[in-house]
There are 2 protein chains.
Amino acid sequence: MKISDVIEQFLKEMMEENDGVIEIRRNDLATQFHCVPSQINYVIATRFKNEHGYAVDSRRGGGGSVRIRRVQPSGGNIVMHLVNHMGDRVSYQEMHFFLQDLLSAGILSERECKLLIGGLSDRALGMENPHRDAVRARALKNALVHLIS
Amino acid sequence: MKISDVIEQFLKEMMEENDGVIEIRRNDLATQFHCVPSQINYVIATRFKNEHGYAVDSRRGGGGSVRIRRVQPSGGNIVMHLVNHMGDRVSYQEMHFFLQDLLSAGILSERECKLLIGGLSDRALGMENPHRDAVRARALKNALVHLIS
DNA sequence: ATTGATGAAAGTCAAAGAAAGTCAAAAACA
DNA sequence: TGTTTTTGACTTTCTTTGACTTTCATCAAT
């Protein structure tokens with residue numbers, strides 16, 4: 001049994017018992033499983049992607065930690081369907097279509113769409129393509145999964 | 001829970017109950033929370049910045065103290081006030097502080113904050129600093145301005 | 001009334017500490 | 001062989017600590 005699988009299993013069980021949210025200290029977990037800390041990053045990067053329905057955020061520095069949340073079963077399926085059909089580049093136009101869908105499905109409000117349209121416009125992101133559309137894709141997925149988890 | 005966060009919380013609650021003005025003795029506060037006095041300076045420097053709507057002034061010497069007060073942005077437009085004072089680089093942590101401001105001012109909902117926190121996290125943006133904080137600053141400003149226009 | 005000493009505040013700044021992140025080489029596996 | 005996993009050296013971010021500095025008030029001596 002691979003250590004990565006063991007850690008993945010452990011985290012997912014922990015999440016089951018915990019309403020879909022866990023908060024861990026990377027170094028503690030590494031100690032617990034006798035592996036290097038960056039192994040935890042590997043597990044998170046490969047097993048807890050947005051596309052799988054997980055939102056991750058973390059803080060560095062003293063008192064820092066990593067939090068992982070799972071999408072809520074209710075209402076999550078439409079969003080996850082979109083997230084999984086998004087690909088890893090999303091143009092501004094495409095984003096509009098996605099947001100239109102979510103708006104008419106009643107999942108996002110008009111204000112919420114506005115925030116994303118403003119924040120993830122070409123002007124806001126600033127960089128050139130293809131980088132820009134890649135950043136937008138990641139940002140949009142993260143935003144949506146974060147919202148419903 | 002970090003001691004800095006505890007102190008921040010304490011001061012903000014105190015300010016709530018006190019009409020937006022508090023006056024503290026740095027050394028007493030440090031004693032009360034079992035930390036060094038300069039920790040108080042750290043909390044004030046990171047959590048009570050001007051751009052978050054606080055004004056700090058202090059007197060040294062015998063009988064000295066620190067006064068912190070909430071400043072209402074004149075003209076009433078809190079969003080524009082924040083956007084104008086944001087600077088052209090915003091860290092993830094700073095964004096949290098800004099969003100907290102907007103949340104407690106009743107300008108953004110919790111969902112709207114979640115969208116931005118997820119969409120503009122380090123993970124979502126992907127690139128390295130200093131570029132990352134610059135993109136986040138632009139994106140956040142654009143999102144907020146777009147929202148109110 | 002001026003000066004000077006003393007002590008009581010707060011301020012500054014950089015080092016140390018505490019976390020997480022990155023990246024690519026090495027190893028294991030299919 | 002090509003992909004996935006493991007490892008570890010190095011980096012970044014944030015917090016805590018403490019030595020040193022500056023400012024102010026008071027009081028005693030001129």
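Across the protein-nucleic acid pair, A:Glu8 atom CD and D:dT5 atom C1' stand 13 Å apart, rounded to whole Å. The distance from atom NE2 of A:His34 to atom C1' of D:dG8 is 18 Å, rounded to the nearest whole Å. When the C1' atom of D:dT4 is taken as reference, atom CD1 of A:Ile7 falls 15 Å away, rounded to whole Å.
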Start with the C-alpha distance between A:Arg47 and A:Ser4, add both sets of side-chain angles, then the distance that settles side chain to side chain contact (heavy atoms under 4.5 Å, CB included), and finish with yes or no.
CA-CA 9 Å; A:Arg47 270 77 158 176; A:Ser4 284; 3.5 Å; yes

Show the numbers, then the answer: is there a side chain to side chain contact (heavy atoms under 4.5 Å, CB included) between B:Glu94 and B:Lys49?
CA-CA 10 Å; B:Glu94 279 179 291; B:Lys49 291 190 197 200; 3.7 Å; yes

Yes or no on side chain to side chain contact (heavy atoms under 4.5 Å, CB included) for B:Leu115 and A:His146, after CA distance, side-chain angles and deciding distance?
CA-CA 7 Å; B:Leu115 268 182; A:His146 221 85; over 6 Å; no

Candidate pair B:Arg123 and A:Asn142, rule side-chain hydrogen bond (donor to acceptor under 3.5 Å, both in side chains), full reasoning
CA-CA 8 Å; B:Arg123 262 192 176 72; A:Asn142 260 281; over 6 Å; no

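Checked by atom type, the side-chain pair A:Gln72/A:Ser149 shows no donor-acceptor distance below 3.5 Å.
Taking only side-chain atoms of A:Ser4, from C-beta outward, the nucleotide of D:dT6, D:dT15, D:dT16 with the closest atom is D:dT6. For B:Asn129, taking side-chain heavy atoms from C-beta onward, the closest of the listed nucleotides D:dT15, D:dT13, D:dT5 is D:dT13.
A:Arg67 comes within 4.0 angstrom of no nucleic acid atom, judged by non-hydrogen atoms across all strands. Counting non-hydrogen atoms under 4.0 angstrom, B:Ile40 reaches nothing in the nucleic acid.
Because its NZ or CZ atom is not both nearer than 6.0 Å to the ring centre of B:Tyr54 and within 45° of the ring axis, B:Lys12 does not count as a cation-pi partner of that residue.
Close to D:dG8, at under 4.0 Å from its OP1 or OP2, lies no side-chain N or O of A:Gln39.
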Starting at the 5' end of nucleotides 15-30 of chain C, put B wherever the base has a protein heavy atom under 4.0 Å, S where only the sugar-phosphate does, and a dash everywhere else.
---BBBBB--------

